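See below for the structure under consideration.
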Amino acid sequence: MDSKDIKRICVFCGSSSQVDSRLFVEVKRLGGWLAEHGIELVYGAGNVGLMGALADSVLACGGKVTGVIPRFMVDAGWHHERLQQLLITNTMHERKQLMCEMSDAVISFPGGIGTAEELLETLTWKQLGLITKPIVIMNVLGCYDSLLTWLDQMVDGHFMREIHKNMWKVCAATAELDSALQSMPEWDSTVRKIAAI
Ligand code: AMP
């Protein structure tokens with residue numbers, strides 16, 4: 001898929017403010033890339049950590065951001081207040097589904113268990129052919145090395161087929177995003193037939 005065909009990208013990333021400062025440098029690059037490409041960011045509307053830094057960088061570069069967040073997080077004051085659009089959901093599940101539905105592609109930037117859960121459920125939907133959109137795992141600073149090893153083990157152990165590795169592309173930095181999207185293997189809903197191993 002060419003980035004010109006993408007209107008909105010959903011980005012999952014960590015909410016922690018305590019992570020390696022190089023991740024903040026890279027997430028700001030990602031925000032700049034989205035704004036330069038005229039691609040709207042769809043994310044979890046957080047105002048702290050990598051989430052907040054990503055939204056701030058898109059806005060600072062003149063881009064557009066939609067945040068999707070459950071009501072209990074708004075009540076706790078966790079939402080970013082300067083987004084062009086804030087969508088409030090009843091549950092975490094509705095939030096994740098809406099973020100994914102609204103977007104033409106998904107990027108998983110480094111994060112914690114929240115990010116990992118979001119990435120893995122999105123991959124599960126793709127394995128079942130419920131979605132076919134590109135999924136890019138941004139393995140910045142090797143943050144996803146262990147997860148990628150685990151995915152390989154799932155294939156080696158016949159929990160997944162080799163072809164399921166075509167569900168995602170890995171890149172190490174924003175500079176590699178265009179080629180990761182362009183080289184993303186085609187995926188369609190007929191894969192449901194091979195979902196069972
Ligand atoms: P993690 O990768 O564990 O930091 O989780 C990121 C996810 O945690 C987000 O998508 C949210 O579901 C949730 N989350 C945790 N803290 C916040 C916050 N301050 N604002 C918004 N979402 C948050």
Side-chain angles (χ1 to χ4, degrees), residues 8-31 33-34 39-60 63-126 130-131 133-151 168 170-174 177:
R8 295 193 196 100
I9 288 188
C10 167
V11 179
F12 301 129
C13 64
S15 56
S16 171
S17 304
Q18 306 295 315
V19 296
D20 193 308
S21 60
R22 290 170 293 177
L23 293 175
F24 282 91
V25 172
E26 192 56 38
V27 92
K28 284 176 194 165
R29 282 197 194 115
L30 174 58
W33 181 92
L34 289 166
I39 297 174
E40 181 179 342
L41 167 67
V42 176
Y43 86 119
N47 58 12
V48 292
L50 294 171
M51 296 176 81
L54 175 62
D56 286 343
S57 69
V58 174
L59 295 173
K64 192 170 172 205
V65 185
T66 287
V68 187
I69 190 163
R71 182 160 302 283
F72 82 89
M73 287 190 186
V74 176
D75 292 343
W78 291 2
H79 60 295
H80 198 299
E81 292 187 332
R82 292 183 297 105
L83 310 177
Q84 286 93 345
Q85 180 167 231
L86 185 72
L87 302 176
I88 300 173
T89 63
N90 288 318
T91 67
M92 293 286 280
H93 288 107
E94 283 169 19
R95 175 209 217 184
K96 186 171 43 190
Q97 192 165 2
L98 183 57
M99 285 167 69
C100 188
E101 270 171 17
M102 286 182 72
S103 307
D104 304 306
V106 173
I107 292 174
S108 195
F109 196 85
I113 53 170
T115 304
E117 185 275 328
E118 289 161 338
L119 168 62
L120 289 176
E121 180 148 16
T122 309
L123 287 172
T124 306
W125 292 335
K126 192 161 178 177
L130 298 171
I131 61 167
K133 55 194 86 195
I135 299 175
V136 178
I137 298 173
M138 287 191 69
N139 190 22
V140 185
L141 303 182
C143 286
Y144 280 110
D145 282 351
S146 310
L147 180 77
L148 293 169
T149 301
W150 189 26
L151 291 170
W168 64 86
V170 181
C171 74
T174 305
L177 260 183

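Every number for a ligand or one of its atoms is a count from 1 in the order of the listing. Just so it is clear, the structure is predicted and the values come from calculations on it, not from any experiment.
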Q) Who's touching ligand 1 if we go heavy atoms under 4.0 Å? A) Cys13, Gly14, Ser15, Gly46, Val48, Met51, Met73, Trp78, Met92, Arg95, Gly111, Gly112, Ile113, Gly114, Thr115, Glu118
Q | Partners passing side chain to side chain contact (heavy atoms under 4.5 Å, CB included) against Asn47 (at least two apart in sequence or in another chain) | A | His80
Q. Among all residues two or more places apart in sequence or in another chain, which pass the side chain to side chain contact (heavy atoms under 4.5 Å, CB included) test with Gln85?
A. Glu40, Thr66, Leu87, Met102
(Q) side chain to side chain donor-acceptor pair (under 3.5 Å), that's the test. Do Glu118 and Ser108 meet it? Break it down for me. (A) CA-CA 8 Å; Glu118 289 161 338; Ser108 195; over 6 Å; no
Q) How long is the gap from CG on Leu54 to CG on Leu50, to the nearest 0.5 Å? A) 8.5 Å
**Q.** Non-neighbouring partners of Trp33 that pass ring-ring contact (aromatic ring centres under 6.0 Å, His included), sequence neighbours left out
**A.** His37
Q) Hey, does the side chain of Lys126 reach the backbone of Trp168 with a donor-acceptor pair shorter than 3.5 angstrom? A) no
